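Bear in mind the structure is a predicted one, so any value in this text is a computation, not a measurement. Worth knowing before you read on, the calculation uses all heavy atoms, side chains too, and leaves out hydrogens, waters and symmetry mates.
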Amino acid sequence: MACCRGCFCCQCCCREGETRTPEELTVLGEIRDEEDEILPRKDYESLDYDRCINEPYVEVLEGMDNKKARKYEAVRWVMVFVIGVTVGLVGLFVEFFVRLFTKIKFSVVGDSIEKCTDKGCLSLSLLELLTFNMVFVFIASVLVLIE
């Protein structure tokens with residue numbers, strides 16, 4: 001199944017005169033050498049990440065006209081952009097709250113150390129620090145178990 005030049009996929013992915021490599025055709029199971037045994041990988045479409053050799057994707061594009069296929073590609077790019085922005089915002093959210101909780105932890109423990117230095121109860125400050133860290137570890141463990 002070389003580039004047919006008729007579908008949108010071939011127009012955007014394949015260059016002039018380009019056909020699939022023997023390795024790609026072997027993965028798809030379209031050619032067979034007598035001495036080489038084809039691995040059963042052709043049944044697993046998730047291994048075919050390249051759009052030009054992803055048969056379900058090509059079938060979807062062949063069922064569309066060029067205008068609809070271009071719109072489909074534009075929507076895919078918009079979705080990629082939205083996903084990227086969302087991941088960036090989640091990263092900012094995590095960074096903000098890590099800094100906030102760390103600031104709270106060190107201010108509480110720092111105040112405790114200042115108060116307990118004169119009284120000789122620094123073990124209580126160490127216990128507060130340990131408690132804060134164990135609470136964060138517990139919350140993280142629960143979230144991992146839920147996920």
Quiz item: Under the side-chain hydrogen bond (donor to acceptor under 3.5 Å, both in side chains) rule, what pairs show up with a residue in residues 84-94, not counting sequence neighbours?
Solution: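 For residues 84-94, and leaving out neighbouring residues, there are no side-chain hydrogen bond (donor to acceptor under 3.5 Å, both in side chains) pairs at all.
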Single-linkage hydrophobic cluster, 4.5 Å side-chain cutoff, [X] and [Y] together:
| X | Y | value |
| --- | --- | --- |
| Val90 | Val87 | no |
| Leu126 | Leu124 | no |
| Val85 | Leu92 | yes |
| Val109 | Ile104 | yes |
| Phe106 | Val135 | no |

Please report the interatomic distance [atom1]([X]) to [atom2]([Y]), rounded to the nearest 0.5 Å.
| X | Y | atom1 | atom2 | value |
| --- | --- | --- | --- | --- |
| Ile146 | Ser141 | CD1 | OG | 11.0 Å |
| Asp111 | Glu114 | CG | CD | 6.0 Å |
| Met134 | Leu127 | CE | CG | 11.5 Å |
| Phe96 | Leu89 | CZ | CG | 13.5 Å |

Quiz item: Quick one: does Ser112's side chain have a donor or acceptor within less than 3.5 Å of a partner on Val108's backbone?
Solution: no
Quiz item: If we only count heavy atoms from C-beta on, is the Phe97 to Leu100 side-chain gap below 4.5 Å?
Solution: yes
Self-check item: Test log, rule salt bridge (charged side-chain N to carboxylate O under 4.0 Å, His left out), inputs Arg70 and Glu73
Solution: CA-CA 5 Å; Arg70 289 183 196 279; Glu73 284 294 314; over 6 Å; no
Practice problem: Give the minimum heavy-atom separation between Thr117 and Leu122, together with the two atoms involved. | Solution: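 Distance-wise, the nearest heavy atoms are OG1-CD2, 4.1 Å.
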Quiz prompt | Nearest heavy atoms of Asn133 and Lys105, plus distance in Å | solution = OD1-NZ, 2.8 Å
Quiz item: Step by step, would you call Tyr72 with Arg76 a side-chain contact (heavy atoms from CB on, under 4.5 Å)?
Solution: CA-CA 6 Å; Tyr72 179 76; Arg76 286 184 66 218; 3.5 Å; yes
Quiz prompt | Pairs involving residues 77-113, ordered by first then second residue, that meet disulfide (SG to SG under 2.5 Å) (sequence neighbours left out) | solution = none
